[in-house]
Amino acid sequence: MLKSIKKIGVMTSGGDSPGMNAAIRSVARTCAFYNIECIGIYRGYEGMIEGDFKDLTARSVKGIINKGGTILKSARSKLFRTEEGRKKAYDKLKEKDIDSLVVIGGDGTFTGALIFNKEYDLPIMGIPGTIDNDIFGTSHTLGYDTALNTVVDAIDKIRDTASSHNRLFFIEVMGRDVGHIALNAGIGAGAEEILIPEEDLGLERLLESLRRSKKSGKSSSIVVVAEGDKIGKNVFELKDYVEENMTEYEVRVSVLGHMQRGGTPSCFDRVLASRMGVKAVESLIKGENNYMVGLLNDKITLTPLNKAVKGKVKINKELIRVSDIMTI
Ligand code: F6P
């Protein structure tokens, strides 16, 4: 028999991303729409263990759709990785009569949710929120589109100064394991080379490509480097390497860092968050459990949480080819 859902807890966990607030708002308002109580859990699993909860109503989530970050705060909890921590979290949820969860986050968040669900049989829905876009089962994670726009905007600005001084810039962008941000923002901002974790371009090919750029009359160049790229040197070491091997280049480095995670969410991320929140709550009401809500071919879909965690996200190889052709 279907257990009826009466009180949904919602939380954000792991690295924050623009659109998380819009998702919290959507979950709270969909709950209100179906006369279900909604409880915000602060600081992810850490706040769950401490019972740091706050009632969320349709009105208490007003004015947040356009805000970056997360009003519920975020954390990475070491304690939740222990049985004792998870037991405490479960007790706190029971005390408050929370009977199901919507967890907004990335890989780590979903891994915690899977273990928790196995131990305590509490229905859970995941919403993918990370700028890295590295979750299987969705073409877009919340915050990815906004981050792309932020990165393109930053590179456009760096190009102004690069071309004024005839300089080569190495620009490091986020992406520990995947190169989605680097590849897409790199093409969008017209980068001469893009270094990503999925492909080892090789140092010699990089030099070759920079030589070609110079020869073809380019006075300045932008190389976008994902933080987890496989070339074996970080951006500062790359600068030294190129300066040693190509004296014709004056090189500078810019690490964009955490500014990529902040800012007003794009319209795309706001709409996606709203759709995902509705689907997460409606799925719990229907008795679904242990799924991640995703976007595939513009349809909101459900992927089993364990597949979302284990599945491999692939880079679009066509983009590598497009980038190669564009940098002739
Ligand atoms: O949000 C994802 C991500 O931005 C990664 O690309 C990056 O390596 C990591 O988070 C850094 O996060 P933090 O500084 O919070 O540990």
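Everything quoted here is computed from the prediction, not taken from an experiment. Index from 1, following the sequence. Whatever order the structure lists ligands and atoms in, that order sets their numbers, starting from 1.
- Under a 3.5 Å cut-off, the side chain of N184 and the backbone N or O of H180 do form a donor-acceptor pair.
- Within 4.0 Å of ligand 1, protein heavy atoms come from R76, D132, M174, G175, R176, E227, H258, R261.
- The residues R211 and E208 are annotated as salt-bridged, a charged nitrogen and a carboxylate oxygen being separated by less than 4.0 angstrom.
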Test side chain to side chain contact (heavy atoms under 4.5 Å, CB included) applied to R270 and C267, step by step: CA-CA 5 Å; R270 298 182 201 192; C267 180; 5.5 Å; no
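- Residues forming a side-chain hydrogen bond (donor to acceptor under 3.5 Å, both in side chains) with R76 (at least two apart in sequence, or on another chain): none.
- Screening residues 93-138 for ring-ring contact (aromatic ring centres under 6.0 Å, His included) gives F80-F116, Y90-Y120, F116-Y120 as the qualifying pairs, with residues at least two apart or on separate chains.
- Within the structure, the side chain to side chain donor-acceptor pair (under 3.5 Å) test picks out the following pairs touching residues 225-242 (sequence neighbours left out): K239-E243.
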